[in-house]
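Structure record follows, encoded as structure tokens.
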Amino acid sequence: MNASGPGAASPAIEVTNLWRSFHNLHAVRGISFTVERGKVVGFVGANGAGKTTTMRILSTLDYPTAGTMKVCGIDVVDFPTEVRSLIGWMPDHYGTYHHMTVLEYLDFFARALGYKGEERVERIREVMEFTDLVPLADRLTDKLSKGMGQRLCLGRALLHDPEVLILDEPAAGLDPKARVELKHLIRILAEEGKTVFISSHILSELDEMCDTLLFINQGQIIHHGSSESLRRGTSGSSIFSVDLIEPGDKLREWADTNPDVKFLDGTRNGGRLEIDSIEPEVIGTILRRMIEAGLTVTQFRQEERKLEDAFIEILGQIEASGVPIVS
Ligand code: ATP
């Protein structure tokens with residue numbers, strides 16, 4: 001399947017006012033978003049935010065209580081079989097079968113997908129090469145490490161060459177090397193034009209590989225945008241790390257007398273300040289005031305806002321206003 005396939009003009013994923021309730025618990029509360037084709041989108045939220053619930057509906061494993069969800073223009077509830085041929089689903093937990101090797105496992109699923117003869121052999125070969133499973137062909141699946149198991153699970157999701165990949169917490173529990181390998185595979189898939197929808201509750205994990213981030217909190221989308229736009233935030237402030245000759249307490253004392261500066265945290269000889277502006281002139285003036293106040297500044301460096309800080313800031317704004325912010 002490629003961009004000339006069904007619904008070629010439609011977005012890869014289109015969600016409109018989607019609800020999923022379990023009795024009185026509203027796991028997903030009227031979310032709407034669009035994922036364009038060929039994009040890698042990170043779906044981020046705390047435990048219980050509604051990520052898996054959303055992904056299960058997208059993967060045709062559950063029904064929405066209300067609203068619609070489409071994959072490449074095809075409704076997941078009305079046409080689940082067609083949607084299944086377009087998606088590759090990698091759940092957060094996958095079952096292995098005892099006494100089955102990696103090759104037998106993939107062969108089993110390739111048969112279930114209807115591949116026959118040479119075509120089946122070719123599909124399995126391609127997937128095993130891509131996920132670097134060739135050396136593990138004869139290894140029993142229940143004897144794989146976590147990282148190898150995730151690669152097998154990804155391989156299984158890729159067998160029918162789907163247009164859209166839905167990966168639920170694929171990097172959970174992986175060691176740093178396995179994470180790097182997984183990121184690399186996801187980037188290659190994106191370069192091949194696949195759409196990748198990937199969940200995590202660890203922001204830094206998604207930052208490098210995603211084009212945009214979609215934040216869900218208590219069943220509602222609270223932000224959809226690039227990590228840069230998230231870092232810039234909605235507050236228009238910037239964060240600086242400051243080193244002094246004097247003890248760090250002096251920086252705190254100075255910041256306490258300057259209303260446009262907030263002391264965030266301190267070190268032995270300095271600390272981090274949040275300045276109420278992103279304008280270079282204003283920032284320059286603040287540095288001059290600091291020096292005029294007698295502080296010996298040895299380093300003054302703008303820090304990248306941590307995504308986690310930006311996320312918490314958005315949550316704080318929502319708590320204060322009660323209105324989700326979607327940019
Ligand atoms: P995690 O990061 O922990 O996997 P999540 O964002 O994937 O969390 P979901 O699994 O979607 O969260 O769960 C959202 C909410 O819906 C939770 O409060 C969960 O307990 C509830 N929930 C999910 N499935 C069911 C179900 N089948 N019956 C009842 N409640 C459910």
Side-chain angles (χ1 to χ4, degrees), residues 13-35 40-71 76-77 80 83 87-96 146-147 149-150 153-154 157 164-175 178-179 182-183 186 195-210 212-225 227 230 306-312 314-316 318-319 324-326:
I13 300 170
E14 206 176 353
V15 178
T16 312
N17 200 19
L18 190 88
W19 285 79
R20 178 64 170 110
S21 306
F22 301 102
H23 303 289
N24 291 333
L25 192 152
H26 304 302
V28 174
R29 299 189 284 159
I31 63 172
S32 300
F33 64 88
T34 300
V35 175
V40 181
V41 175
F43 195 33
V44 193
N47 292 126
K51 304 182 295 293
T52 300
T53 304
T54 306
M55 289 180 137
R56 280 175 52 80
I57 299 171
L58 186 59
S59 308
T60 75
L61 298 171
D62 192 12
Y63 294 110
T65 307
T68 59
M69 198 172 228
K70 291 179 182 173
V71 173
V76 297
V77 174
V83 168
I87 60 164
W89 160 242
M90 184 170 158
D92 53 356
H93 293 101
Y94 75 103
T96 54
K146 177 88 184 170
Q150 291 297 73
C153 203
L154 179 63
V164 179
L165 279 156
I166 304 156
L167 314 178
D168 195 3
E169 303 267 2
L174 295 189
D175 65 32
R179 275 168 197 246
L182 183 76
K183 274 186 203 168
I186 289 169
T195 307
V196 186
F197 191 58
I198 175 170
S199 81
S200 177
H201 54 265
I202 305 169
L203 269 170
S204 49
E205 187 173 282
L206 294 178
D207 188 19
E208 290 160 36
M209 58 182 155
C210 294
T212 56
L213 296 172
L214 190 64
F215 277 52
I216 184 166
N217 182 57
Q218 295 180 5
Q220 289 185 293
I221 301 294
I222 57 167
H223 177 91
H224 190 187
S227 52
L230 190 64
K306 286 190 199 143
L307 278 178
E308 280 81 359
D309 290 345
F311 183 41
I312 286 164
I314 292 176
L315 287 179
I318 290 165
E319 262 167 37
I325 303 156
V326 183

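Order of appearance sets the numbers: ligands from 1, and atoms from 1 within every ligand.
Just one of N17, T16, V77 meets the side chain to side chain contact (heavy atoms under 4.5 Å, CB included) condition when paired with T68; it is T16. Among the candidates I198, L165, L154, the single residue satisfying the side chain to side chain contact (heavy atoms under 4.5 Å, CB included) test with I186 is I198.
Nearest heavy-atom pair, S32 versus I221, reported as atom, atom and distance to 0.1 Å: O-CG1, 4.4 Å. Here the closest non-hydrogen pair linking K51 and S199 is CD-CB, 4.1 Å.
Protein residues having a heavy atom under 4.0 Å from any atom of ligand 1 are F22, L25, A27, A46, N47, G48, A49, G50, K51, T52, T53, E169, H201, listed by chain and number.
Relative orientation of the F215 and H223 rings is perpendicular, given thresholds of 30° and 60° on the angle between their planes.
A 4.5 Å side-chain heavy-atom check between P64 and M69 finds every atom pair outside the cut-off.
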